[in-house]
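Worksheet: the structure to be examined is printed underneath.
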Amino acid sequence: MHEELRLDKQICFRLYTAARLITQAYTPMLNELGITYPQYLVLMVLWEQDSQPVNDIAHRLLLETNTVTPLLQRMEKLGVVIRKRGKEDKRQQIVSLTAKGKAMEEQAYAIIPAGMGRELKECPFQLDDYAKFADELDTIIETLKNKEK
């Protein structure tokens with residue numbers, strides 16, 4: 001066997017597994033809010049800046065618009081966002097939070113940070129360690145994202 005092809009030598013497997021387990025840890029908290037993890041990501045984008053075009057949301061999440069659109073349709077049925085045609089460009093759809101979507105920010109804040117703190121309490125990292133790790137992951141993401149172009 002080629003040593004480079006061993007599973008324990010693969011960074012991709014560790015990243016995939018960590019992402020899957022972190023998403024799994026979020027699930028019970030998001031269930032309390034009645035949303036999925038991808039919907040939570042969209043909400044975070046809109047909590048930072050409300051009323052954005054679908055393309056901007058997709059770009060921010062590094063997703064294609066054809067992935068985000070059905071997600072937004074389900075969120076609209078939940079009553080957390082509304083979609084309207086752009087005023088200047090009628091082909092553009094602008095996504096905005098409803099009152100329910102705005103209120104979910106406070107609900108999420110009350111549930112998620114403390115919940116994830118409990119999930120990771122046995123992990124030896126400090127807050128600064130997570131920030132440094134996030135910076136390192138951002139470098140990987142930017143490097144690979146630039147290769148797509």
Which donor-acceptor pairs under 3.5 Å do side chains of residues 95-107 form with protein atoms, sequence neighbours excluded?
residue : atom : partner : partner atom : Å
Ser96   : OG   : Ser51   : OG           : 2.8
Thr98   : OG1  : Gly79   : O            : 2.5
Thr98   : OG1  : Val80   : O            : 3.3
Thr98   : OG1  : Lys100  : N            : 3.3
Thr98   : OG1  : Gly101  : N            : 3.1
Lys100  : NZ   : Leu78   : O            : 2.9

Per the side chain to side chain donor-acceptor pair (under 3.5 Å) rule, what does the pair list look like for residues 7-23, sequence neighbours excluded? Arg6-Asp8
State plainly whether one hydrophobic cluster holds both Leu21 and Met116, where clusters connect Ile, Leu, Val, Met, Phe, Trp and Tyr through side-chain heavy atoms under 4.5 angstrom apart. no
Across all chains, not counting sequence neighbours, the salt bridge (charged side-chain N to carboxylate O under 4.0 Å, His left out) partners of Glu64 are none
Any chance you could lay out the side chain to side chain contact (heavy atoms under 4.5 Å, CB included) test for Ile82 and Lys84, step after step, and finish with the verdict? CA-CA 7 Å; Ile82 54 171; Lys84 293 184 179 176; 3.7 Å; yes
Should Leu41 and Tyr26 be counted in the same cluster of Ile, Leu, Val, Met, Phe, Trp and Tyr side chains packed under 4.5 Å apart? yes
Starting from Leu62 and following side-chain heavy-atom contacts under 4.5 Å between hydrophobic residues (I, L, V, M, F, W, Y), which residues can be reached? Ile141
Expected output: side-chain Asn146 to main-chain Glu142 donor-acceptor under 3.5 Å: yes
Only counting residues at least two apart or in another chain, list the ones meeting side-chain contact (heavy atoms from CB on, under 4.5 Å) with Leu7. Phe13
Same cluster or not: Leu71 versus Trp47, using hydrophobic residues (I, L, V, M, F, W, Y) connected whenever any side-chain heavy atoms lie under 4.5 Å apart? yes
What donor-acceptor contacts under 3.5 angstrom involve side-chain atoms of residues 29-40, with partners at least two apart or in another chain?
residue : atom : partner : partner atom : Å
Asn31   : ND2  : Thr27   : O            : 3.4
Thr36   : OG1  : Gln39   : N            : 3.3
Thr36   : OG1  : Gln39   : OE1          : 3.4
Gln39   : OE1  : Thr36   : N            : 2.9

How many angstroms lie between atom CD1 of Ile57 and atom CG of Leu63, to the nearest 0.5 angstrom? 11.0 Å
Salt bridge (charged side-chain N to carboxylate O under 4.0 Å, His left out) partners of Glu122, counting only residues at least two apart: none
Set of residues satisfying side-chain contact (heavy atoms from CB on, under 4.5 Å) with respect to Gln93, sequence neighbours excluded: Val54, Arg83, Arg85
Identify, with sequence neighbours excluded, every residue that meets side-chain contact (heavy atoms from CB on, under 4.5 Å) alongside Lys77. none
Are Leu46 and Leu61 joined in one hydrophobic group, where the rule is that I, L, V, M, F, W and Y side chains link up if heavy atoms are under 4.5 Å apart? yes
Which residues share a salt bridge (charged side-chain N to carboxylate O under 4.0 Å, His left out) with Arg91, sequence neighbours left out: Asp89
What pairs of donor and acceptor atoms, side-chain ones from residues 124-134 against any protein atom, are under 3.5 angstrom apart with sequence neighbours left out?
residue : atom : partner : partner atom : Å
Asp129  : OD2  : Gln126  : N            : 2.7
Lys132  : NZ   : Glu136  : OE2          : 3.0

Between CZ on residue Arg60 and CG on residue Asp56, distance to nearest 0.5 Å: 10.5 Å
State, with a plain yes or no, whether a side-chain heavy atom of Ile22 is found less than 4.5 Å away from one of Gln24. no
Tyr109: what forms a ring pair (Phe, Tyr, Trp, His ring centres under 6.0 Å) with it, not counting sequence neighbours? none
Please say yes or no: joined through hydrophobic side-chain contacts below 4.5 Å, possibly via intermediate residues, are Ile94 and Val81 part of one cluster? no
